[in-house]
Amino acid sequence: MSDQFIFWDLETTGRNDKYDQITQVGAVLTDKNFEVKDKLEIHSKLREGKWFEPGALITTGVDPINLFKNNYPNYYEASAQLYETFQQWSSPSAIFIGFNNINFDEPFLRQALYQNLMPELYMTVTSNNTRMDVFEILRLVSVYSPEHIKFNQDDQGYPILKLDQIFKLNNISISYEAGPHDAVFDSLVTLELNKILSIRCPQIWNAAYDFRLRETPKKFMISNSVFTNTTFWGRRPTIKAQTLIGGIPGKNHHYLVYNLLFDPKKLQDLDDKELLKKMNDGAKRICEVFDGSKSKTLLSESYCFKDNKFAEIGIDELRLRANFIKTNEKFCSRLIQLHLDNQKQWPEPFNIEERIFESFPSPQDKKLMIEFHTAPNTRKYEVSKLFKDERYKELAVRIIYEIAPQTLPEQERRNYELEIQERFNDDDKSKWNSKNRILASLETDLEKMIEDENERVQFKQRVITFLNNESAKWG
DNA sequence: TTCTTGGT
């Protein structure tokens with residue numbers, strides 16, 4: 001095995017991958033034994049037209065005024081540097097691993113690569129790269145092997161799995177000058193936590209390792225007619241014994257799975273309307289979607305007995321129910337058809353940031369992206385006009401505006417500036433952090449996150465100064 | 001039961 005791991009973490013200006021921006025990247029390359037081979041840290045200047053959530057800067061300790069006034073590379077340069085390092089590190093292949101990376105950092109990375117015209121948006125899951133998430137492993141450990149790690153509990157008794165708390169409670173020590181919520185520091189903490197989990201809870205860790213591959217879920221569900229799926233509603237875990245109904249047509253790696261808590265024999269005579277009601281009956285729903293593209297880990301049937309409900313039903317009955325599903329093709333295709341017919345249709349996305357999944361870049365456009373990057377700034381606009389995909393033309397204008405605005409035709413520059421202006425002055429319900437939205441969340445974030453009155457006043461003043469500077473540009 | 005973690 002030649003596994004390499006890339007432990008990585010991002011600090012950003014907020015939680016919205018489309019409209020917020022990465023401010024710091026931290027990453028550590030290790031071999032299969034988690035020995036450190038290389039380290040990466042990239043900071044980035046804020047791009048015009050991107051702002052911040054006050055709470056995000058309070059968390060990371062970033063000074064709002066410093067977002068523009070620093071000597072860091074601009075967002076385009078930083079993204080290119082990130083892309084190139086990750087490309088090198090993942091040669092021939094690597095496992096990208098972080099803490100809540102699959103739901104948080106990954107979308108951010110893709111947006112950064114998309115918005116900066118990097119050709120391989122999906123680099124963490126292509127050319128034999130895969131991903132794991134230590135947060136997801138920790139969740140399983142908290143349910144099935146809670147004795148192996150120390151947790152704080154919330155007032156309902158559920159474990160709190162915040163990285164900084166886990167770090168402190170379990171005496172993880174890191175020799176690195178920065179502290180929690182620094183991207184490099186948190187990458188190193190994630191690396192150490194992962195080591196602990198892999199040693200103390202090898203069965204769960206190895207299962208998670210197998211499920212890094214997107215082909216594992218299907219194989220696993222076929223060879224384990226009864227399996228255990230652990231889902232979470234907030235902090236509350238639910239243990240489910242399930243069986244495979246079938247793949248969902250048109251959705252790669254998505255599977256409809258049946259909850260074996262319910263006896264399927266009693267369901268097949270229901271008409272469509274009644275059956276559909278059972279399918280959507282909240283916590284009592286008879287089936288649900290398993291997304292096999294997100295490295296979510298299924299466990300073998302024996303784990304479900306952690307919940308007495310399943311011990312009472314017994315393994316024989318669970319297997320009988322699973323077998324009933326497997327041998328009733330008609331019933332399965334009915335469930336899948338009903339599921340498909342009742343999917344909500346999403347409205348067409350409008351803003352360019354939301355159009356990331358519209359289509360993959362064509363080979364020609366990929367080649368043009370390289371040409372765009374290597375062309376001197378004075379030629380970049382010219383190259384950008386050759387993109388077949390309109391999205392890339394628009395994103396190119398934003399990049400050129402950032403690195404060499406004087407090379408843009410007057411009209412292009414004006415249009416983009418008008419768009420930024422509109423966004424900045426949008427109301428407090430805008431998707432991005434408009435002036436009004438920042439102001440609307442400022443007080444609550446201050447109160448929730450800063451205890452010291454002096455610090456509060458200071459931070460508030462720095463936000464106001466930032467907004468005044470921005471108002472001078474876009475007001 | 002219908003409660004939305006965690007990441008910034």
Side-chain angles (χ1 to χ4, degrees), chain A residues 7-27 43-44 46 50-64 66-67 96-112 131-143 149 151-167 178-187 189-190 193 230-238 240 261 280-285 288 294-296 307 309 431-433 437-438 441-442 444-446 448-450 459 463:
Chain A
F7 289 85
W8 66 295
D9 182 46
L10 303 176
E11 304 307 315
T12 69
T13 62
R15 286 167 293 194
N16 189 312
D17 56 293
K18 297 169 188 71
Y19 302 108
D20 292 320
Q21 194 202 293
I22 299 170
T23 52
Q24 189 201 9
V25 182
H43 278 97
S44 170
L46 192 63
K50 295 215 181 253
W51 299 286
F52 61 85
E53 245 178 273
L57 301 195
I58 296 171
T59 298
T60 55
V62 169
D63 177 352
N66 208 27
L67 286 167
F96 287 85
I97 180 167
F99 194 85
N100 204 21
N101 52 317
I102 294 195
N103 281 316
F104 183 77
D105 305 80
E106 290 257 353
F108 250 107
L109 173 66
R110 287 181 187 176
Q111 272 294 334
R131 48 195 188 160
M132 292 175 69
D133 189 331
V134 179
F135 171 61
E136 295 293 342
I137 299 173
L138 186 65
R139 273 181 153 180
L140 291 178
V141 167
S142 76
V143 173
I149 208 105
F151 309 102
N152 282 324
Q153 290 183 346
D154 64 14
D155 45 24
Q156 290 192 76
Y158 295 115
I160 298 170
L161 304 184
K162 289 176 184 286
L163 187 62
D164 52 356
Q165 294 189 24
I166 296 291
F167 160 72
H181 301 292
D182 169 276
V184 179
F185 186 91
D186 282 355
S187 299
V189 173
T190 303
L193 176 59
T230 319
T231 61
F232 291 82
W233 192 263
R235 291 193 181 116
R236 163 177 290 198
T238 307
K240 292 166 183 166
L261 190 60
N280 294 314
D281 194 7
K284 289 193 299 187
R285 61 190 184 278
E288 62 193 67
K294 296 235 161 76
S295 306
K296 278 195 176 291
D307 187 324
K309 283 200 294 282
K431 296 176 174 178
W432 42 84
N433 294 302
R437 213 181 112 169
I438 294 173
S441 54
L442 182 56
T444 37
D445 286 355
L446 285 170
K448 224 171 41 197
M449 303 175 72
I450 306 180
F459 183 80
V463 172

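Note that the structure is a prediction, hence the values are computed from the model and not measured. When reading the values below, keep in mind they use all heavy atoms of this one structure, side chains included, and skip hydrogens, waters and symmetry mates. The chains referred to below are lettered A, B, ... by the order of the sequence lines, with proteins before strands, and numbering in each begins at 1.
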Q. Counting any heavy atom closer than 4.0 Å, what does A:Ile58 reach on the DNA or RNA strands: base, sugar-phosphate only, or nothing?
A. nothing

Q: For the side chain of A:Ala283, starting at C-beta, report the closest nucleotide among B:dG6, B:dT2, B:dT8.
A: B:dT2

Q) How close or far is atom C1' of B:dT4 from atom CZ of A:Arg15, stated in whole angstroms? A) 13 Å

Q: Just compare B:dG7, B:dT8, B:dG6 and give me whichever is closest to any side-chain atom of A:Phe135.
A: B:dG6

Q) Could A:Lys162 and A:Asp164 be called an ion pair, given the rule that one side-chain N must be under 4.0 Å from one carboxylate O? A) no

**Q.** Results of side-chain hydrogen bond (donor to acceptor under 3.5 Å, both in side chains) for A:Lys18 - residues two or more places apart only
**A.** none

(Q) Please report the distance, rounded to the nearest Å, between CD in A:Gln24 and P in B:dG7. (A) 16 Å

Q | Ring center gap for A:Phe167 and A:Phe99 short of 6.0 angstrom | A | no

(Q) Side-chain N or O of A:Arg235 versus OP1/OP2 of B:dT4: is the shortest distance under 4.0 Å? (A) no

Q. When you measure from the side chain of A:Arg139, which nucleotide among B:dG6, B:dT5, B:dG7 comes out closest?
A. B:dT5

Q.
Using whole Å, what does the distance between atom C1' of nucleotide B:dT8 and atom CG of A:Leu46 come to?
A. 14 Å

Q) Does A:Asn16 have any side-chain hydrogen bond (donor to acceptor under 3.5 Å, both in side chains) partners at least two apart in sequence or in another chain, and if so, which? A) none

(Q) Under 4.0 Å, counting only non-hydrogen atoms across every strand here, what does A:Asp186 touch: a base, just sugar-phosphate, or nothing? (A) sugar-phosphate

Q) With sugar-phosphate meaning primed atoms plus P, OP1 and OP2, does A:Leu10 contact a base, only sugar-phosphate, or nothing at under 4.0 Å between heavy atoms? A) sugar-phosphate

Q: Rounded to the nearest angstrom, tell me the gap between atom CD in A:Gln156 and atom C1' in B:dC3.
A: 7 Å

Q. Whole Å only: how far is the CD1 atom of A:Ile137 from the C1' atom of B:dG7?
A. 16 Å

Q) Taking atom P of B:dG7 as reference, at what distance in whole Å does atom CZ of A:Phe185 sit? A) 14 Å

Q.
Using the side-chain heavy atoms of A:Trp233, tell me which of these nucleotides is nearest: B:dC3, B:dG7, B:dT5.
A. B:dC3

Q) B:dT5 P sits how many Å from A:Gln165 CD, rounded? A) 13 Å

Q | Lys/Arg N to Asp/Glu carboxylate O, A:Glu288 vs A:Lys240, below 4.0 Å | A | yes

**Q.** Gap between atoms NE2 and P, on A:His43 and B:dT8 respectively (whole Å)
**A.** 14 Å

Q: Using the closest heavy atom to pick a nucleotide of DNA chain B for each, name whichever of A:Lys162 or A:Tyr158 lands nearer the 5' end.
A: A:Tyr158

Q) When we call it a touch if two heavy atoms are under 4.0 Å apart, what does A:Phe99 touch: a base, just sugar-phosphate, or nothing? A) sugar-phosphate

